[in-house]
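Written below as structure tokens is the structure these notes are about.
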Amino acid sequence: MPELPDVEGFRRVLDEHAGEPIRSVRVYDTGVLRGVGERGLGDALRGHRFEHPRRHGKWLLAPAEGPVLMLHFGMTGSLSWHPAGEARHPHDRVAWRLDDGELRFRDMRKLQGVHLAADRAQAQRTLDDLGPDALQVTRRRLGELLSGRRARLKTALTDQSLIAGLGNLLADEICWRARVNPLRGAADLDEKDLDALHRAMRKVLRDSVRAERVPPRDTWLTGVRDEPEAPCPRCGTPLSSRRVSGRRTVWCSTCQPS
DNA sequence: TCCTCTGTTATGAG
DNA sequence: TCTCATAACAGAGG
């Protein structure tokens with residue numbers, strides 16, 4: 001589930017508690033720890049304060065007066081605030097206790113998890129292979145990024161090393177809004193297509209970040225894509241779908257001709 | 001019970 | 001460089 005907008009929401013949650021001392025770190029399931037142990041995580045953070053966190057693509061980075069906590073939410077992760085004493089959820093894997101409550105990393109499938117970098121430089125190295133954050137990509141940059149790719153548009157948009165932050169839902173939603181077929185070659189788009197794609201990306205991201213998710217409105221592709229035989233919200237044509245690079249891809253054959 | 005599906009990412013074979 | 005299969009993991013649904 002978590003794509004750029006969701007992670008932006010988690011960033012806000014953490015940001016509201018920047019400056020508060022971390023009293024303790026509780027690890028309920030070491031299966032989400034990546035490259036750090038329970039002991040190491042606690043020792044590095046206890047007594048420190050989270051500073052203002054930042055997000056790059058689907059990564060959330062929280063510097064804490066030296067070490068940098070790095071969270072990746074995979075398909076099912078989240079970060080949420082809970083007042084002291086609230087019962088633990090079975091999928092709560094790690095909790096950072098502050099004075100009035102705690103931040104909880106909840107994740108059913110544990111596909112990604114919790115990293116710890118020694119400092120900002122090391123955190124940055126983890127991000128070195130990522131493309132620019134999708135919110136920062138200009139129209140010109142988008143053209144440059146896609147022009148050299150032989151992959152399909154859908155595959156290129158969800159490739160984090162090309163553009164960071166777009167997941168399965170966002171990529172389909174953006175293509176649908178731009179009226180561009182996701183199966184087309186990324187390098188085959190003309191200037192008009194790229195204009196539309198960039199406008200759609202801005203609009204979809206702006207609305208999604210506001211909602212802290214890709215909003216499942218019935219006027220959006222995301223709102224109907226999981227219904228069997230769903231009609232296109234724009235023209236009523238039954239939506240098409242197939243797997244592309246292992247991901248279910250949905251589009252409208254009328255609005256998005258190949 | 002068994003099988004398939006699912007919003008992510010990394011890896012290796014071809 | 002790209003596609004495809006697979007794996008990590010856990011739950012829902014047929």
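Residue numbers start from 1 in every chain, and the chains themselves are labelled A, B, ... in the order their sequence lines are given, proteins ahead of strands.
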Quiz item: Taking atom types as modelled and ignoring hydrogens, do the side chains of A:Thr30 and A:Glu38 form a donor-acceptor contact shorter than 3.5 angstrom?
Solution: no
Quiz item: Are a donor atom and an acceptor atom from the side chains of A:Ser258 and A:Asn181 found within less than 3.5 Å of each other?
Solution: no
Of all the choices, [options], which nucleotide is nearest to the side chain of [X] once you look at every atom?
X        : options              : result
A:Met108 : C:dG11, C:dC2, B:dT6 : C:dG11
A:His72  : B:dT9, C:dC9, C:dC2  : B:dT9
A:Gln112 : C:dT3, C:dC2, B:dT9  : B:dT9
A:Gln160 : B:dG7, C:dC2, B:dT9  : B:dT9
A:His91  : C:dA10, B:dT6, C:dT3 : C:dA10
A:Asn168 : B:dG7, C:dT3, C:dC9  : B:dG7
A:Arg93  : C:dA10, B:dT9, B:dG7 : C:dA10
A:Met75  : C:dT3, C:dA10, B:dG7 : B:dG7

Quiz item: Is the shortest side-chain N to carboxylate O distance from A:Asp172 to A:Arg248 below 4.0 Å?
Solution: no
Quiz item: Pairing of DNA chain C as dot-bracket, 5' to 3': ( ) intra-strand, [ ] crossing, | other strand, . unpaired, with Watson-Crick or G-U pairs under 3.5 Å?
Solution: .|||||||.|||||
Self-check item: For atom CZ of A:Arg106 and atom C1' of C:dG11, their distance in whole Å
Solution: 16 Å
Practice problem: Nearest-nucleotide wise, let me know which of A:Val244 and A:Arg150 is further upstream toward the 5' end of DNA chain C. | Solution: A:Arg150
Practice problem: Can you tell me, in whole Å, how much space there is between the P of C:dA5 and that of B:dT4? | Solution: 14 Å
Quiz prompt | Nearest-angstrom distance, P atom, B:dC5 to C:dC4 | solution = 16 Å
Quiz prompt | Check: A:Trp96 ring centroid to A:His17 ring centroid under 6.0 Å | solution = no
Quiz item: With a cut-off of 6.0 Å (strictly less than), are more than 12 heavy atoms of other residues, nucleotides or ligands near NE2 of A:His52?
Solution: no
Quiz prompt | Distance under 6.0 Å and angle within 45° of ring axis: A:Arg179 vs A:Trp251 | solution = no
Quiz item: What does A:Thr155 touch in the nucleic acid at a heavy-atom separation under 4.0 angstrom: a base, only the sugar-phosphate, or nothing?
Solution: sugar-phosphate
Quiz item: Toward the 5' end of DNA chain B, which comes first, A:Lys58 or A:Arg243, by nearest nucleotide?
Solution: A:Arg243
Exercise. For salt bridge (Lys or Arg N to Asp or Glu O under 4.0 Å), just list the numbers for A:Glu20 and A:Arg97, CA-CA rounded to whole Å, side-chain angles, deciding distance to a tenth of an Å, and then say yes or no.
Key: CA-CA 10 Å; A:Glu20 302 173 22; A:Arg97 193 165 63 78; over 6 Å; no
Quiz prompt | Presence of donor-acceptor pair under 3.5 Å, side chain of A:Arg109 and base of B:dT6 | solution = yes
